[in-house]
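Below: one structure, written as structure tokens.
Positions are given from 1 along the sequence.
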Amino acid sequence: MSTHIQVSPPASLSARRMWALTNLERVLAFLFAILLAPLFIAVAIIIVCVSRRTPLVAHLRVKQYGEPFWMLKFRTMWHKPASKSFLKVVEFIADEAGPLSKKIGDERVSSRLARLCRQFSIDELPQLIHVAAGDMALVGPRPLTRTELLTHYGPHAREVLGVKPGLTGLWQVMGRNSLTYRQRRRLDLFLVRSRSARLYAIILGRTFYQVFSGKGAW
């Protein structure tokens with residue numbers, strides 16, 4: 001199987017509107033990151049104390065135009081305590097399996113804090129940094145690995161890679177981990193092909209509900 005992923009140009013939106021939306025997202029993400037800094041610090045300290053590992057992990061994903069990037073998350077998985085790696089801040093993990101490795105009752109999610117972080121998407125908050133940096137958007141297809149794109153998206157991967165990956169998207173608000181890759185691909189393609197201010201607002205609104213309800217996350 002070829003490892004090359006061709007990229008289609010983004011769906012038609014005026015350059016002015018895209019520029020305004022991108023810069024608004026970056027400003028909002030920066031402000032949210034500052035406001036949530038006390039929470040970030042508290043969660044990081046507790047993770048280090050409980051797991052004795054790095055508070056953050058970075059998973060290898062693919063962003064717009066097929067470029068690789070390291071996506072940050074708070075650590076929520078560990079087996080036995082490690083006494084050496086907690087002196088670092090980030091552990092880099094080339095996790096090509098992606099969501100395939102997630103399951104209900106995963107023994108690696110052994111802490112009440114970890115389960116809470118995953119249920120209410122607290123572990124995803126460090127990705128505000130990627131939005132502020134311009135590597136991600138607030139709304140868009142969730143970042144995938146190259147293996148996931150080649151295996152489950154095939155020729156449709158180029159459409160998904162035509163836009164920035166998002167902190168939230170249709171997959172997040174329509175079922176999340178309870179959905180199959182086929183369903184996820186259909187939602188991602190619909191989002192890319194039907195981008196509008198109305199859909200954007202609907203996804204953001206439903207994201208808040210999804211986060212506070214904790215549905216579909218494990």
Side-chain angles (χ1 to χ4, degrees), residues 5-37 39-40 58-74 98-99 120-146 148-149 153 155-176 179 183-213 216-217:
I5 300 176
Q6 295 182 333
V7 179
S8 289
S12 58
L13 282 177
S14 70
R16 180 177 297 180
R17 293 182 67 181
M18 281 300 302
W19 180 87
L21 179 59
T22 297
N23 283 279
L24 177 61
E25 285 185 328
R26 295 182 69 176
V27 171
L28 289 175
F30 179 75
L31 293 176
F32 278 130
I34 292 177
L35 290 173
L36 294 171
L39 175 63
F40 285 14
H59 293 285
L60 186 60
R61 295 289 185 267
V62 181
K63 62 180 179 178
Q64 190 178 22
Y65 306 133
E67 298 180 10
F69 81 112
W70 293 99
M71 186 182 74
L72 290 171
K73 295 182 68 174
F74 279 122
F120 296 103
S121 300
I122 296 173
D123 58 325
E124 309 282 0
L125 288 179
Q127 290 158 37
L128 286 170
I129 297 172
H130 297 309
V131 180
D135 291 324
M136 289 179 62
L138 287 179
V139 175
R142 285 293 292 163
L144 292 161
T145 67
R146 185 168 298 274
E148 288 175 303
L149 285 164
Y153 282 61
H156 298 295
R158 58 184 183 180
E159 287 189 73
V160 175
L161 295 177
V163 301
K164 290 182 181 181
L167 184 61
T168 185
L170 277 177
W171 173 71
Q172 294 287 94
V173 302
M174 296 295 290
R176 205 169 176 179
L179 300 179
Q183 292 170 315
R184 181 174 182 174
R185 183 180 68 243
R186 291 174 61 185
L187 290 172
D188 283 345
L189 290 173
F190 180 85
L191 174 58
V192 171
R193 296 168 180 172
S194 307
R195 290 186 300 166
S196 67
R198 182 172 180 270
L199 181 59
Y200 188 98
I202 290 173
I203 291 174
L204 281 182
R206 294 195 63 170
T207 295
F208 284 106
Y209 168 78
Q210 196 77 16
V211 167
F212 287 114
S213 70

ask   = Below 4.5 Å, heavy atoms only, C-beta onward: do Phe190 and Leu199 meet side chain to side chain?
value = yes
request  = Kindly compute the distance separating OG1 (Thr207) from CD1 (Ile202), expressed to the nearest 0.5 Å.
outcome  = 11.5 Å
task = With sequence neighbours left out, write down each residue that passes ring-ring contact (aromatic ring centres under 6.0 Å, His included) with His130, or none if nothing qualifies.
result = Phe69
inquiry  = Nearest 0.5 Å, please: how far is CZ in Phe208 from OG in Ser121?
reply    = 11.5 Å
For residues 131-142, which side-chain N or O atoms pair as donor and acceptor with protein atoms under 3.5 Å away, sequence neighbours left out?
from: Asp135; atom 1: OD1; to: Lys63; atom 2: NZ; distance (Å): 2.9
from: Arg142; atom 1: NH1; to: Gln127; atom 2: OE1; distance (Å): 2.8
from: Arg142; atom 1: NH1; to: Gly166; atom 2: O; distance (Å): 3.0
from: Arg142; atom 1: NH1; to: Leu167; atom 2: O; distance (Å): 3.2
from: Arg142; atom 1: NH2; to: Glu124; atom 2: OE1; distance (Å): 2.9
from: Arg142; atom 1: NH2; to: Gln127; atom 2: OE1; distance (Å): 3.1

request  = Tell me, please, which residues at least two apart from Tyr153 pass ring-ring contact (aromatic ring centres under 6.0 Å, His included).
outcome  = none
key: Contacts of type salt bridge (Lys or Arg N to Asp or Glu O under 4.0 Å), residue Asp123, not counting sequence neighbours   = Lys73
ask   = Partners of Glu67 by side-chain hydrogen bond (donor to acceptor under 3.5 Å, both in side chains), sequence neighbours excluded?
value = none
inquiry  = My understanding is that only residues two or more places apart in sequence, or in another chain, count here; which of them pass side-chain contact (heavy atoms from CB on, under 4.5 Å) with Ala58?
reply    = Trp70, Leu72, Val90, Phe92
query = Which pair of heavy atoms, one from Leu191 and one from Gly169, lies closest together, and at what distance?
reply = CD2-CA, 4.3 Å
key: Partner set under side-chain contact (heavy atoms from CB on, under 4.5 Å) for Leu189, not counting sequence neighbours   = His156, Glu159, Val160, Arg185, Arg193
inquiry  = Considering only residues two or more places apart or on different chains, which pairs with a residue in residues 23-36 satisfy side chain to side chain donor-acceptor pair (under 3.5 Å)?
reply    = Glu25-Tyr200
task = Could you note down all residue pairs passing salt bridge (charged side-chain N to carboxylate O under 4.0 Å, His left out) where residues 160-171 supplies at least one of them, sequence neighbours left out?
result = none
inquiry  = My understanding is that only residues two or more places apart in sequence, or in another chain, count here; which of them pass side-chain contact (heavy atoms from CB on, under 4.5 Å) with Leu187?
reply    = Leu170, Met174, Leu179
ask   = Would you say Gln64's side chain and Gly162's backbone share a donor-acceptor pair under 3.5 angstrom?
value = yes
key: side-chain contact (heavy atoms from CB on, under 4.5 Å) involving Phe32 - partner list, sequence neighbours excluded   = Leu28, Leu128
task = Could you tell me which non-hydrogen atom of Thr168 sits nearest to which non-hydrogen atom of Val173, and how far apart they are?
result = OG1-CG1, 4.2 Å
query = Out of curiosity, Ile122 CD1 to Phe40 CZ, how far, rounded to the nearest 0.5 Å?
reply = 10.0 Å
